[in-house]
Asks: 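Sharing a structure here in structure tokens format.
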Amino acid sequence: GPGTRPRLAVLTRDELGVIVSVDEAVTEMLGFSEQELVGCSVLDLVHPEDRARAADSLAARRPGGRPQPGGAPVRLRHRRRDGSWTWLEASSELEAASGGTLARTRLIDVTDEVDALERLQASQRSSARALSLLEALESSAPIGIAFLDAELRFARVNDTFAALAGRSRDELLGRRPAEVSPGAWGELERVRGEPAHRREPLVNLELGGRLEATGRPFTWLVSSYPVEVEGELQGFGVLLVDITERKEAEERQRQLARAAIGALATTSERRDPYTAGHHRGVAELATALALELGVDPAEVEGVTMAANIHDIGKIAVPIEILAKPGRLTGLEMELVKSHSRVGYEIVAGIELPWPVAQMILQHHERMDGSGYPAGLSGEAILPGARVIAVADVVEAMANHRPYRPALGLDEALVEISAGRGRLYDEAAAEACLRLFAEGRFCFGRGAGAAGSGAR
């Protein structure tokens, strides 16, 4: 295979590119015999899309009557005998010979390096698209959204946040909250600066007074949560809702909770763009199942909210593992499994009228106790978590993942049918089978229209 081929080989060619001799490493690298290579033009081995550059390189290296250096190395795709292509970096040195000028060409296998660069560029393009989407979401958000870096300086604010703070965005960026408005932001900076609270969510901190910039009285509810990447603290997200009119305090607190969940869901989707629609699909089906089961409408919203961020804990799992093709190692799988508890820890501090954090924690538990993280069974698992578990399995199996193709809806329903009462809540499983059998649910359109679990 490519991993056993030599990385360095040498061939000799004339000034027109005809191969005169090759060493053994060339034959091992390309798979051709020496007899097959000698007398051929090097251009015949080069990928059609690269031949123009190869021809230019040959022309640039012709001596014009006397030996000269070969010029800068050039990277080209070369054909192997089995029909595959490999990236080689060629550099030549010209030397005089009795029959004319020859070029001694060193070939270095750079396939792994080129492939790694292409993956990096693809990742950068994906990140740029995700960032563009985030900026669009922030600009239209009805609440203030900001990001403080690890030094507690504003690194990002949206227009709503700036308007509520009574400052322009330029006046906020790069400054600490208390530098902008000691009365308004001093408490937030004090709490966030305490080592004991650095990695804890800060929920519904009530700030009030008068803005120094405008003199306008205000009362705000502020929530802040730590943002970590691979265990390293990057800074803090800040969500701001104006609850100056006390009669609207309860409703505005609900808006903050919903916005917090939305912001967390966006963070999760940015980390794993391949499954950006997974949360939405699971939330659609979980909502339909809860309604089918006759759950009180006031409680259905809690199931929907939990389903919308059930995998938020995956922000702590490296994207390379989430998108890894093939089987995971034992250590990698344990890291993936930790997402249920990490998600619980992220959401647990947010005050909600539903047990959203517990549903996130339990959505991979199974009725027979074979799930994780606590091995709960039966009635010990929250009803909402049992509903989300069924929806999660169906959506995950029915749709594509970067590590496998879609298994299909039929296979997903076979899994739910086989596991009902043993792995999955019997009532939730039967409701799921009924909705699909009767054509009353379709992903993307929800209810009313004609797996083993995800990682």
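The first residue of the sequence shown is numbered 1, and numbering continues consecutively from there. Fair warning: this is a prediction, and the values are worked out from it, not measured in the lab.
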Asks: Report the C-alpha distance between I315 and V227 in whole Å, list the side-chain angles of each, state the deciding distance to 0.1 Å, and finish with yes or no for side chain to side chain contact (heavy atoms under 4.5 Å, CB included).
Replies: CA-CA 9 Å; I315 64 173; V227 177; over 6 Å; no

Asks: Stepwise, does the side chain to side chain contact (heavy atoms under 4.5 Å, CB included) test hold for V303 with M359?
Replies: CA-CA 8 Å; V303 174; M359 284 188 274; 4.3 Å; yes

Asks: So, for A391 and L285, which heavy atoms are closest and what is the spacing to 0.1 Å?
Replies: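 Smallest heavy-atom distance, with atoms named: CA-CD2, 3.7 Å.
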
Asks: Ring centroid separation for F154 and F147, is it under 6.0 angstrom?
Replies: no

Asks: Give a yes or no on this: more than 12 heavy atoms of other residues, nucleotides or ligands lie within 6.0 Å of atom CD of E438.
Replies: yes

Asks: Are the side chains of T105 and S91 in contact, using a 4.5 Å heavy-atom criterion?
Replies: no

Asks: Does W220 form a side chain to side chain contact (heavy atoms under 4.5 Å, CB included) with V241? I'd like the steps, not just the answer.
Replies: CA-CA 6 Å; W220 297 331; V241 173; over 6 Å; no

Asks: Using a 3.5 Å distance criterion without hydrogens, assess whether the side chain of D392 forms a donor-acceptor pair with backbone atoms of I388.
Replies: no

Asks: Could you check H339 against D311 for side-chain hydrogen bond (donor to acceptor under 3.5 Å, both in side chains), going step by step and ending with a plain yes or no?
Replies: CA-CA 7 Å; H339 79 274; D311 280 342; 3.0 Å; yes

Asks: With rounding to the nearest 0.5 Å, note down the distance linking CG in L221 to CD in E351.
Replies: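 Answer for the CG-CD pair, L221 versus E351, is 9.0 Å.
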
Asks: Between D82 and R80, does any NZ, NE, NH1 or NH2 come within less than 4.0 Å of an OD or OE carboxylate oxygen?
Replies: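 The answer is yes: the pair qualifies as a salt bridge.
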
Asks: Using ring centroids (six-membered ring only for Trp), state whether H47 and H78 fall under 6.0 Å.
Replies: no

Asks: Flag the pair Y225 / F236 as yes when their ring centroid distance falls below 6.0 Å, and as no otherwise.
Replies: no

Asks: Quick check: does any side chain N or O of R422 sit under 3.5 Å from a backbone N or O of M367, one acting as donor and the other as acceptor?
Replies: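 Checked: no pair found.
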
Asks: With the threshold set at 4.0 Å, does a side-chain nitrogen-carboxylate oxygen contact exist between E113 and R75?
Replies: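 Salt bridge flag = yes for R75 with E113.
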
Asks: Can you tell me how far apart CD1 (I350) and OG (S223) are? Round to the nearest 0.5 Å.
Replies: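 With rounding to 0.5 Å, CD1 (I350) is 6.5 Å from OG (S223).
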
Asks: Ignoring hydrogens, what is the shortest heavy-atom contact between L413 and C432? Give both atom names and the distance.
Replies: CD2-SG, 4.2 Å

Asks: At what distance, to the nearest 0.5 angstrom, does CD1 of I360 lie from CE of M305?
Replies: 10.0 Å

Asks: Considering residues, nucleotides and ligands other than Q121, do more than 12 of their heavy atoms fall under 6.0 Å from its CD?
Replies: yes

Asks: Could you walk me through whether Y344 and Q362 pass the side-chain hydrogen bond (donor to acceptor under 3.5 Å, both in side chains) test, one step at a time?
Replies: CA-CA 9 Å; Y344 166 82; Q362 297 177 11; over 6 Å; no

Asks: Is there a side-chain contact between L30 and L45 (heavy atoms, below 4.5 Å)?
Replies: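 Yes, close enough: below the 4.5 Å cut-off.
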
Asks: Could you report the tightest heavy-atom contact between L107 and M29, atom names first, then the distance?
Replies: O-CE, 4.0 Å

Asks: Can you say whether the rings of F443 and F436 are parallel (under 30°), tilted (30 to 60°) or perpendicular (over 60°)?
Replies: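 Correct class here is tilted.
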
Asks: List the atom of L8, the atom of I108, and the distance in Å for their closest heavy-atom pair.
Replies: CD1-CG1, 3.9 Å

Asks: Hey, could you give me the CG/SG distance between L409 and C442, rounded to the nearest 0.5 Å?
Replies: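 Taking CG in L409 and SG in C442, the distance rounds to 9.0 Å.
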
Asks: Just by modelled atom types, is the G378 backbone N or O under 3.5 Å from a matching donor or acceptor in the R366 side chain?
Replies: no

Asks: Is E426 salt-bridged to R386, going by a charged N under 4.0 Å from an acidic O?
Replies: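 Salt bridge absent between E426 and R386.
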
Asks: Is there a side-chain contact between H363 and S340 in this structure, where contact means two heavy atoms from C-beta onward sitting under 4.5 Å apart?
Replies: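 In short, these two side chains touch, coming nearer than 4.5 Å.
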
Asks: Does R169 use its side chain to pair, donor to acceptor, with the backbone of V157 at less than 3.5 Å?
Replies: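 Confirmed, R169 side chain pairs with V157 backbone.
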
Asks: I309 versus I346: any side-chain heavy-atom pair under 4.5 Å?
Replies: no

Asks: Quick one: are R341 and S338 in side-chain contact, heavy atoms under 4.5 Å?
Replies: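 Side chain of R341 against side chain of S338, heavy atoms only: no contact under 4.5 Å found.
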
Asks: Quick one: closest heavy-atom pair of A398 and A412, and the distance?
Replies: N-CB, 4.5 Å

Asks: Would you call L433 and R420 a side-chain contact if the rule is heavy atoms closer than 4.5 Å?
Replies: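 A side-chain contact under 4.5 Å exists here.
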
Asks: Kindly indicate whether the side chain of L435, heavy atoms from C-beta on, has any atom under 4.5 Å from the side chain of L289.
Replies: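 Contact flag for L435/L289 side chains = yes.
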
Asks: Using the side-chain hydrogen bond (donor to acceptor under 3.5 Å, both in side chains) definition, which of the options R327, K337, K324 pairs with E332?
Replies: K324

Asks: The test is side chain to side chain contact (heavy atoms under 4.5 Å, CB included); show your working for L240 and I145 and say whether it passes.
Replies: CA-CA 6 Å; L240 172 63; I145 301 175; over 6 Å; no

Asks: Would you say E151 has more than 12 foreign heavy atoms packed within less than 6.0 Å of its CD?
Replies: no

Asks: To the nearest 0.5 Å, what is the distance between CD on E430 and OG on S417?
Replies: 9.0 Å

Asks: Rounded at 0.5 Å granularity, tell me how far CD in E334 sits from OH in Y372.
Replies: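 Output value for this atom pair is 9.5 Å.
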
Asks: Going by an N to O cut-off under 4.0 Å, is there a salt bridge joining R106 and E89?
Replies: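 Here R106 does not pair with E89 in a salt bridge, since their nearest N and O are not under 4.0 Å apart.
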
Asks: Grab the two heavy atoms, one from E365 and one from I381, that are nearest each other, plus how far apart they are.
Replies: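 Looking at all heavy atoms of both residues, the shortest contact is CB-CD1, 3.7 Å.
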
Asks: Could you please spell out the steps behind the salt bridge (Lys or Arg N to Asp or Glu O under 4.0 Å) verdict for R440 and E292?
Replies: CA-CA 10 Å; R440 292 189 288 121; E292 180 73 8; 3.0 Å; yes

Asks: Just checking, any donor-acceptor pair under 3.5 angstrom between side chains of S168 and D170?
Replies: no

Asks: For E179, is there any backbone N or O sitting under 3.5 Å from a side-chain donor or acceptor partner on R175?
Replies: yes

Asks: Mind checking whether H310 and H278 have ring centres under 6.0 Å apart?
Replies: yes

Asks: Are any side-chain N or O atoms of T111 and backbone N or O atoms of W87, one a donor and one an acceptor, separated by less than 3.5 Å?
Replies: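 Confirmed, T111 side chain pairs with W87 backbone.
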
Asks: Within the distance-only criterion (no hydrogens, no angle test), does the side chain of T287 pair as donor or acceptor with the backbone N or O of A283 below 3.5 angstrom?
Replies: yes

Asks: Less than 4.5 Å apart, side chain to side chain, heavy atoms only: is that true for Q234 and D149?
Replies: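 No - every pair of side-chain heavy atoms lies 4.5 Å or more apart.
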
Asks: Spell out, as yes or no, whether a donor-acceptor pair under 3.5 Å connects the side chain of S377 to the backbone of D368.
Replies: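 No.
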
